[in-house]
Structure formats: structure tokens, C-alpha cells
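For the numbers below, each heavy atom of this structure counts, side chains included, while hydrogens, waters and symmetry mates do not. Read the numbers this way: they start at 1 and go in the same order the structure lists the ligands and their atoms.
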Amino acid sequence: MQTIDKFNFAGKRAFVRVDFNVPLDENSQITDDTRIRAALPTLKKILADGGSIIIASHMGRPKKNPDTKYSLKAILPHVSKVLGVDVKFAPDCAKAAEMAAALKPGEALMLENLRFYEEEEGKPRAEFATDDEKAEAKKVTKENQKKFTTTLASYADCYVNDAFGTAHRAHASTALIAKYFDESNKMFGYLMEKEVIAVQKIMTDTARPFTAIMGGSKVSSKIEIIENLLTKVDNLIIAGGMTYTFTKALGGKIGISICEDDKLDLALELLEKAKANNVKIVLAVDAKIADSFSNDAKTAFVPVGEIPDGWEGLDIGPETEKIFADVIKASKTILWNGPTGVFEFDNFTHGSRSVGEAIVEATRNGAFSLVGGGDSVACVNKFGIADQVSYVSTGGGALLEAIEGRVLPGIEAIRGF
Ligand code: AMP
């Protein structure tokens with residue numbers, strides 16, 4: 001497989017798919033440029049080699065072409081600044097052949113938002129009166145998607161995918177385009193490479209014991225991940241709102257804690273499966289409860305299955321913190337997805353912070369720790385420990401699908417599996 005380090009970009013034009021879907025404020029100013037910075041090592045390596053770059057990204061969910069609210073032109077000055085070159089702009093991503101051909105070594109061109117074209121995702125945007133009309137439109141869009149993909153591929157000599165955030169999508173620029181380049185001319189960017197290696201360390205080259213901490217609000221959104229993890233981990237710590245579905249299923253009293261009553265049987269099934277697979281499920285034993293869903297609520301610590309009527313569990317209690325920390329500190333591989341409580345309220349962050357600190361200690365002692373999936377990333381940032389875990393993933397949905405055991409089209413398109 002080709003790698004970005006081995007590849008010499010001198011005199012080559014590279015089509016680089018990045019994820020510059022950054023948040024903007026009402027004045028179209030970037031509020032967090034993490035995603036742009038994450039792609040810089042790749043972009044800078046290409047320019048330093050004497051190559052030129054066609055930067056391609058999506059932004060938001062545009063409904064038409066063009067949809068100025070989602071124009072990538074808004075971020076052009078910032079990209080130029082951090083990249084250190086005056087990046088040119090192609091206002092129509094499907095009509096940029098001349099601008100791409102005119103690129104000289106060391107130059108960069110950014111394409112307008114790929115998703116202005118429905119061909120990028122390959123799904124018709126319009127509403128249809130009948131199923132037949134819809135099916136026909138789908139066929140046409142798929143055909144057009146081929147043309148669109150060929151056009152994008154024609155701009156460049158080589159293809160670099162550095163957009164892990166969209167690796168779970170089989171879109172024109174994230175996956176389909178790869179087949180227009182031979183093995184030696186397509187590769188992951190540095191960011192993508194790091195993400196792929198991190199996932200591999202968790203899912204295949206696993207040092208044991210392997211502990212996953214699954215938090216967050218609902219069992220229903222995590223079932224597939226939990227099921228897949230039950231074939232991989234030694235310990236599964238269940239935390240956050242999911243705790244109460246399990247507690248109720250086991251006959252505990254949970255007051256008005258968040259609970260999915262239609263998932264009680266499923267919770268018991270998951271516990272059975274864990275037993276059959278020799279996986280130790282670690283559940284909370286105590287909870288920090290509140291008399292309302294608010295940071296200023298009255299609070300108390302109680303055993304997790306003895307929550308009084310009218311009260312709800314919003315975080316784990318001190319005994320649970322200790323149990324979780326002991327399991328985490330004895331682990332060699334750790335995956336953390338989802339907080340142990342409502343960490344957005346300062347009075348209910350303690351449990352998540354203690355999990356974060358245990359992970360940091362385990363990492364210091366040689367464990368590999370991966371933190372990923374929206375809210376746990378927010379947690380490690382809030383606690384200032386992002387640089388003390390082994391890896392913080394940039395991919396929300398992509399990371400979760402990888403943990404569910406799915407093949408990600410963006411990875412498969414380059415690596416072959
Ligand atoms: P998810 O997106 O499924 O990872 O869920 C994250 C959300 O779960 C966060 O916004 C937390 O506030 C929420 N959460 C965690 N624990 C609880 C709890 N005990 N009760 C209600 N919400 C919770």
C-alpha cells in the first residue's frame with residue numbers, strides 16, 4: 001500500500017479530500033479550526049515536496065447549488081493563513097479543470113463545497129410524488145455521480161484521503177474517486193493514517209486486558225457497538241444514562257432517571273451475552289442523584305438501585321468511581337465513548353473527570369487509550385487531558401461505525417479492506 005511518507009509529490013498535482021466542515025458563527029467566522037489544523041501536516045508535506053494541491057471538502061448540508069450559506073469561500077483566508085500560501089478558489093467544484101491544470105509546484109487550489117452537487121452523495125435532493133419517479137431519479141443521479149467523480153479525478157495525478165470524519169460515507173470524493181488512481185497513486189493522509197492505526201490497536205492488535213467505557217444517554221444508540229464490543233473486550237464499563245435501563249432491568253428502583261422501558265429485555269440479553277463471552281460487565285453501584293434536571297438541584301448519594309421517587313441519577317457516586325478506576329488502571333487497552341453523567345452541568349462532572357483521570361494514569365503506565373465519539377472528546381477537552389491520552393479521534397460517526405465492526409468505505413477504497 002502506498003503511504004504519504006514514501007510518496008514524492010514533486011511536480012504532481014494531488015487531490016486531497018479533507019474534512020473542513022468547521023463550525024461558523026453568524027458572521028461566517030470560524031469558531032473552532034481543529035479540523036483545518038488536523039489536515040495541515042498532510043497539506044504541508046505535499047507543498048514541501050514541490051507538489052500542488054487541490055483541496056476538496058464538504059461543509060454542512062447544502063440544499064441547492066450554490067447554497068451561499070455553506071460556501072467554503074468563507075474559510076479561504078484562514079486556510080491560506082495557516083497553510084502559509086495564498087490558496088486559490090474554484091467557485092464551481094465540477095468546473096475547475098483549467099484552474100487545476102494551471103497549478104504550479106507549491107500552489108494550492110480549494111474547490112467550492114462538494115455537496116453543492118447532489119452527485120457527491122449520490123442521492124437525489126428533490127421530493128418525488130411517486131416511488132417510481134424516485135427510483136428513476138436515483139438511477140439518473142448515480143449515473144451523474146460517475147461523471148462527477150471522473151471530473152474530480154481528472155484534476156490530479158494522485159489522491160490523498162485525509163477526511164476520517166467522512167470515511168464511513170461512500171461518496172464520490174471520499175471513496176468512489178479512488179478507483180481512478182492506481183495503487184501507487186492513492187494513499188491516506190497523516191491524520192487518516194493515525195486514525196486507522198488507532199482503530200486497529202483497539203479492534204485487532206489489542207493488548208489485554210481491554211476495557212471499554214460506554215457512557216452517554218441511551219442504550220438504543222449504542223446497541224450495535226456494545227454487541228460488537230462483547231466479542232472483543234475483557235471488561236465493559238456501562239455508565240451514563242444507560243445505567244438506569246440496566247438497573248431497572250435488574251429489579252432496581254431508579255426514580256425518574258432516564259430509562260428506555262422498551263429496552264429492558266435487551267439489557268438483560270446483553271448481560272447474558274457478556275456472561276457467555278466471558279466479558280466482565282461493570283455497572284455502577286451508587287449514583288449522585290438530583291431532585292430536578294438542573295445544575296442547582298438538591299443532590300444526594302444513594303445505592304444505584306435505591307433512587308427515591310421524584311429523584312434521578314445524573315452521575316455516578318464515589319464507590320462506583322473507585323470501582324471503575326481500578327478496572328481502568330489495570331487495563332492495557334482502553335476505549336472511552338460517552339460521559340458517566342450529565343457532564344454539561346458542573347455539579348455532575350465528577351464521575352466523568354475521575355474516569356478521565358484513571359485513563360490518564362493507565363496511559364502513563366503504558367496502556368493505549370482511545371477517546372472518541374462526540375461527548376467524550378468534549379469531556380477530555382473540558383478537563384484539559386486531551387494530550388495525556390494516547391489518541392483522541394476526530395471522527396464521530398466514522399469512529400463509532402468502525403467500533404461497530406463495519407468496513408468504512410473511505411478506508412476500504414484505499415487499503416482494500
Ligand atoms: P450520547 O450522545 O449518547 O453519548 O450521550 C451524551 C449525553 O448523555 C450527554 O449530553 C449527557 O448529558 C447525557 N447523559 C449522561 N448521563 C446522563 C444521565 N444520567 N441522565 C441524563 N442524561 C445523561
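Listed by chain and residue number, Asp286 satisfy the side chain to side chain donor-acceptor pair (under 3.5 Å) test with Thr320 (two or more places apart in sequence, or in another chain). Under the rule for a side chain to side chain donor-acceptor pair (under 3.5 Å), the partners of Thr340 that lie at least two apart in sequence or sit in another chain are Asp315, Ser352. Every residue two or more places apart in sequence or in another chain that forms a salt bridge (Lys or Arg N to Asp or Glu O under 4.0 Å) with Lys329 is listed here: Glu361.
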Ligand 1 N/O to protein N/O, distances under 3.5 Å:
residue	atom	partner	partner atom	Å
ligand 1	3 (O)	Ser217	N	3.2
ligand 1	3 (O)	Ser217	OG	3.4
ligand 1	4 (O)	Lys222	NZ	3.1
ligand 1	5 (O)	Ser217	N	3.1
ligand 1	8 (O)	Ser217	N	3.3
ligand 1	10 (O)	Glu344	OE2	2.4
ligand 1	12 (O)	Glu344	OE1	2.6
ligand 1	12 (O)	Glu344	OE2	3.4
ligand 1	16 (N)	Gly241	N	3.2
ligand 1	19 (N)	Gly313	O	2.9

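Taking the centre of each ring, Phe246 and Tyr244 stay at or above the 6.0 Å mark. Close placement of the Phe293 and Phe345 rings is indicated, their centers lying within 6.0 Å of each other.
For Glu120 (side chain) and Ser173 (main-chain N/O), a donor-acceptor pair under 3.5 Å exists by modelled atom type.
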